[in-house]
*Asks:* 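Next up is a structure, given as structure tokens.
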Amino acid sequence: MKKFTLLFSLLIALYLFSGCNQKANNENIQPQTKDMATLEKEIELRIRDYENYLRNGDSIALGNMYAEDAEIIPSIVGRENIIKTFGANIRNNITGSSFKTNHLWGNEQLLVEDGTGAWYYSDGTLVSSGRYLLVWVKDDREWKILRDTWFPDKKK
């Protein structure tokens, strides 16, 4: 009976030790994650770039903020079509915008941004305000928009 108790105790100890060792190994192979404050600053800079490109009427720079296979949901697919859409908006004097991130989550490769914003004509008249959701992807060490969607405020 003593041999069985000793063997059983040894097996339990080995099991617990191997479980602790496995956890330590898993922690060592996970990539280092940037803190969210750093990621928020990076996205904030990209949002300011977006606003500046629109203000300057640069549809090419705006389009290049999007990944090659980006979509503005529900109907604009691909960077070339996004550039054309921005070009049409700029020709219609929609060159003002302001955006504010309300929540950001993800990691150093993929982020989801929930925010509020507004679009303006060049004379400052409001075109639309509402909420947006952006999916950002790290592409060639630069944040690009992979998915973009806009939810206008309800008209009163």
Side-chain angles (χ1 to χ4, degrees), residues 16-122 124-156:
L16 291 174
F17 178 74
S18 69
C20 291
N21 192 27
Q22 181 66 34
K23 184 178 178 185
N25 286 340
N26 286 343
E27 288 173 358
N28 289 338
I29 62 172
Q30 292 180 357
Q32 295 292 323
T33 302
K34 289 184 178 180
D35 66 273
M36 282 307 286
T38 301
L39 296 172
E40 286 171 359
K41 288 177 187 173
E42 291 176 8
I43 295 302
E44 176 71 21
L45 291 173
R46 295 299 287 160
I47 290 293
R48 299 296 76 88
D49 287 342
Y50 189 100
E51 292 171 346
N52 289 330
Y53 296 148
L54 183 62
R55 184 174 23 265
N56 294 330
D58 191 342
S59 61
I60 303 293
L62 279 165
N64 286 332
M65 288 195 63
Y66 287 78
E68 191 68 39
D69 58 344
E71 291 184 36
I72 297 178
I73 297 170
S75 59
I76 305 167
V77 178
R79 185 185 293 155
E80 289 304 314
N81 290 323
I82 291 169
I83 290 170
K84 290 176 187 175
T85 299
F86 280 122
N89 288 344
I90 290 166
R91 284 188 298 281
N92 286 321
N93 290 318
I94 300 173
T95 57
S97 62
S98 64
F99 301 103
K100 178 184 180 285
T101 302
N102 296 327
H103 190 70
L104 187 71
W105 62 99
N107 59 38
E108 65 275 356
Q109 292 300 313
L110 189 71
L111 291 167
V112 177
E113 176 188 6
D114 175 9
T116 53
W119 299 90
Y120 300 94
Y121 289 108
S122 57
T125 304
L126 180 68
V127 175
S128 178
S129 63
R131 291 183 63 198
Y132 65 89
L133 194 64
L134 296 176
V135 177
W136 294 90
V137 64
K138 200 66 161 236
D139 182 19
D140 227 5
R141 294 182 291 201
E142 184 174 50
W143 288 108
K144 302 265 184 174
I145 300 168
L146 181 63
R147 296 293 182 269
D148 180 346
T149 189
W150 176 256
F151 307 96
D153 291 334
K154 293 182 181 176
K155 301 206 183 222
K156 297 178 182 180

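Just the heavy atoms: all of them, side chains too, but no hydrogens, waters or symmetry mates, feed the values below. Note that the structure is predicted; figures quoted are calculated from it, not measured.
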*Asks:* Is there a side-chain contact (heavy atoms from CB on, under 4.5 Å) between T101 and Y132 once you walk through the steps?
*Replies:* CA-CA 9 Å; T101 302; Y132 65 89; 4.0 Å; yes
*Asks:* Report yes or no: does K100 contribute a side-chain atom to a donor-acceptor pair with the main-chain N or O of G115 at less than 3.5 Å?
*Replies:* no
*Asks:* Identify, with sequence neighbours excluded, every residue that meets salt bridge (Lys or Arg N to Asp or Glu O under 4.0 Å) alongside R91.
*Replies:* none
*Asks:* Who pairs with E68 by salt bridge (Lys or Arg N to Asp or Glu O under 4.0 Å), at least two apart in sequence or on another chain?
*Replies:* R79
*Asks:* Which value, rounded to the nearest 0.5 Å, describes the distance between S129 atom OG and W150 atom CH2?
*Replies:* 6.5 Å
*Asks:* Rounded to the nearest 0.5 Å, how far apart are CG of N52 and CG of D58?
*Replies:* 11.0 Å
*Asks:* Could you report the tightest heavy-atom contact between K144 and N64, atom names first, then the distance?
*Replies:* NZ-O, 2.7 Å
*Asks:* Please check if the side chain of D35 supplies one atom and the backbone of A37 the other of a donor-acceptor pair under 3.5 Å.
*Replies:* yes
*Asks:* May I ask you to test the L54-E51 pair for a side-chain heavy-atom distance under 4.5 Å?
*Replies:* no
*Asks:* Among L104, D148, L111, T149, find the one that has a side-chain contact (heavy atoms from CB on, under 4.5 Å) with L134.
*Replies:* D148
*Asks:* Just how far is it from atom CD1 of I47 to atom CD of E40, taken to the nearest 0.5 Å?
*Replies:* 12.5 Å
*Asks:* Would you say the side chain of Y66 lies within less than 4.5 Å of the side chain of I83, judging by non-hydrogen atoms?
*Replies:* no
*Asks:* Would you name the heavy atoms of I82 and A70 that are closest together and state the gap between them?
*Replies:* CD1-CB, 3.9 Å
*Asks:* Without swapping roles, check the side chain of N107 against the backbone of Q109 for a donor-acceptor pair under 3.5 Å.
*Replies:* yes
*Asks:* Got a second to check how far Y50's OH is from S98's OG, nearest 0.5 Å?
*Replies:* 12.0 Å
*Asks:* On a heavy-atom basis, which atom in E108 and which in W143 lie closest, and how many Å separate them?
*Replies:* O-CH2, 3.4 Å
*Asks:* Drop me the distance from Y120's OH to I94's CD1, to the nearest 0.5 angstrom.
*Replies:* 13.0 Å
*Asks:* For V137 and L146, work out which heavy atoms get closest and say how close.
*Replies:* CG1-CB, 4.0 Å
*Asks:* Closest heavy-atom contact between S97 and W119?
*Replies:* CB-CE3, 4.2 Å
*Asks:* Please assess T85 against I72 for the test side-chain contact (heavy atoms from CB on, under 4.5 Å), listing each intermediate value before the final yes or no.
*Replies:* CA-CA 10 Å; T85 299; I72 297 178; 5.5 Å; no
*Asks:* I need the minimum non-hydrogen distance between S59 and G87, along with the two atoms involved.
*Replies:* CB-N, 3.6 Å
*Asks:* Do the non-hydrogen side-chain atoms of Y53 and F86 ever get within less than 4.5 Å of each other?
*Replies:* no
*Asks:* Sub-3.5 Å donor-acceptor pair from the side chain of E113 to the main-chain atoms of W136, do we have one?
*Replies:* no
*Asks:* Compare all side-chain heavy atoms of R55 with those of T95 and state whether any distance is below 4.5 angstrom.
*Replies:* no
*Asks:* Could you tell me whether the side chain of V127 reaches within less than 4.5 Å of the side chain of N89, counting heavy atoms only?
*Replies:* no
